[in-house]
Protein chains: 2
Amino acid sequence: MSPRIGLDLNTILKAATEIADAHGIEEVTLASLAKKLNVRSPSLYNHIDGLPGLRKKLAVYGLELLYSQWKRAAAGRSGEDAVHEIAKAYIAFARTHPGLYEATLLAPDSWDHDVQRAGGKMVDLALGVLKDFELEGEPAIHAVRGLRSILHGFASLEQKGGFGLPLDLDVSVRLIIDTFLAGIHAIKQNEKKYAK
Amino acid sequence: MSPRIGLDLNTILKAATEIADAHGIEEVTLASLAKKLNVRSPSLYNHIDGLPGLRKKLAVYGLELLYSQWKRAAAGRSGEDAVHEIAKAYIAFARTHPGLYEATLLAPDSWDHDVQRAGGKMVDLALGVLKDFELEGEPAIHAVRGLRSILHGFASLEQKGGFGLPLDLDVSVRLIIDTFLAGIHAIKQNEKKYAK
DNA sequence: TCCCCAAAACTAATACCATTAGTTTTAATA
DNA sequence: TATTAAAACTAATGGTATTAGTTTTGGGGA
């Protein structure tokens, strides 16, 4: 059932990740990847469905890795502490794996089933963390969208060199999350006031 | 001093914008652009410095356009109203010009002088709006980073189909900005309390 | 009015790239 | 040890950007 052992998908994804993190996702070509793996480009088609297929698998691979680090960051924590930790983990991932992080957002058609599922796991984890703030249902979904926007926006802008001013970026992350959490609390309070 | 009139840069940028908005920035190639302009690709080199040069000019073009719409949105407004309006304008721009919006963030080297200047204008405008919240100096810069992260993150995730759940996106924007503003106020209040 | 010339467009050629088709190699299994 | 299916290969095609060198052209100076 296995008449020959050559490359395997994981080896390919790791090599692609190295290229992406070192030189950017656009430098991940079948040509550069084949060279790194000491193979001719057409050989890669035995394992992946062309460049688009590689990018999709890389997106899922990155999302799974990000999710695992997110889960570790949230483990044993709750409330504001948990939010700060997953935020730090998210930003750290984008810094450690700039190219792979790019890949997670570059899904050819983001509607792909595997990408959806991997992304859904992250949304579920975020929803779980926000339960500590008495957020459920639609308000929770809006809040998760807010948190994701903050994290992706910050990671993306930092990566593209969008923050030019010489001011500590980690401080910014902490303050932005603090502001987000303070806002959640304030709005909750406001709701309770009117509910009386 | 002008022995022949052919294409001009603005015509090229408009055509590139149309392709980008209709089919995505990656479909803006010298080949596709030349075809749209009824010209052979090498002719474009008389006006732009290759594909990287085109992308840079497109980034600046997009930033200027976004800035102009931002300025219009902020005109005559202040405080929370102004923040909500520039947020809506930002998201609207990303929706109207998805490809051009992509281009603004895809600066080859974001450290380019023209890109920096165009981006700086937007930061200055945001700083001006936040002055209404008694924010200046470093806290203001952190706050602008937060606002930019929210807006870019939301626009980017929406564009890539990252928000899968069937829940009104405009409501999300409004709530996220409300949360951001409530957070700014809450932290301000907190500072004042401790300052006593 | 006509000529000039520089800018703009062109053709031709090169070097990448992804992808497909068809062939050869190879190693686990039977 | 022979089989065989997977995996790697070579060859070929068509798309891309880019450079070099040539031709076209139209506004300004004679």
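Every chain is numbered from 1 and lettered A, B, ... according to where its sequence line falls, protein lines coming before strand lines.
Below 30°, between 30° and 60°, or above 60°: for Y101(B) and H152(B) the angle between ring planes is between 30° and 60°, a tilted geometry.
Atom CG of D49(B) and atom C1' of dT19(D) are 13 Å apart (whole Å). Counting to the nearest Å, the C1' atom of dA9(C) and the CD1 atom of I48(B) are 14 Å from each other. The nearest whole Å value for the distance from the CG atom in L9(B) to the P atom in dA8(C) is 11 Å. In this structure, the CG atom of L54(B) is 15 Å from the P atom of dT16(D), given to the nearest Å. Computed from coordinates, the D8(B) CG to dA9(C) C1' distance equals 15 Å when rounded to whole Å. Atom-to-atom, CG of L7(B) to C1' of dC10(C) comes out at 13 Å; the value is rounded to the nearest Å. Taking atom CD1 of I12(A) as the reference point, atom C1' of dA6(D) lies 14 Å away to the nearest angstrom.
In this structure, the nucleotide among dG27(D), dC10(C), dA18(C) sitting nearest to the side chain of I5(B) is dG27(D). Of the candidate nucleotides dA9(C), dA12(C), dA28(C), dA12(C) has the atom nearest to the side chain of P42(B). Considering only side-chain atoms of S43(B), the nucleotide from dA17(D), dC10(C), dA8(C) that sits closest is dC10(C).
How far CG of D112(A) is from NZ of K57(A): 9.0 Å, rounded to the nearest 0.5 Å. Between the CD atom of E158(A) and the CZ atom of R145(B) there is a distance of 9.0 Å, given to the nearest 0.5 Å. Between the CH2 atom of W70(A) and the CZ atom of F93(A) there is a distance of 12.0 Å, given to the nearest 0.5 Å.
Within 3.5 Å, no donor on the side chain of R4(A) pairs with an acceptor on the base of dA6(D), nor the reverse. At a cut-off of 3.5 angstrom, the base of dA8(D) holds at least one donor-acceptor pair with the side chain of N46(A).
Look at Y45(B) and you won't find any side-chain N or O under 4.0 angstrom from OP1 or OP2 of dT19(D). The shortest distance between the side-chain N/O atoms of H47(A) and the OP1/OP2 oxygens of dA8(D) is below 4.0 Å.
Note on R55(B) versus E102(B): no salt bridge recorded, every NZ/NE/NH1/NH2 to OD/OE distance being 4.0 Å or above. In summary, R95(A) and D170(A) engage in a salt bridge, as defined by a charged side-chain N under 4.0 Å from a carboxylate O.
In this structure, the side chain of T17(A) engages the main chain of L13(A) through a donor-acceptor pair within 3.5 Å.
If you check residues 19-39 of chain A against DNA chain D, the residues with a heavy atom closer than 4.0 Å are V39(A), listed by number.
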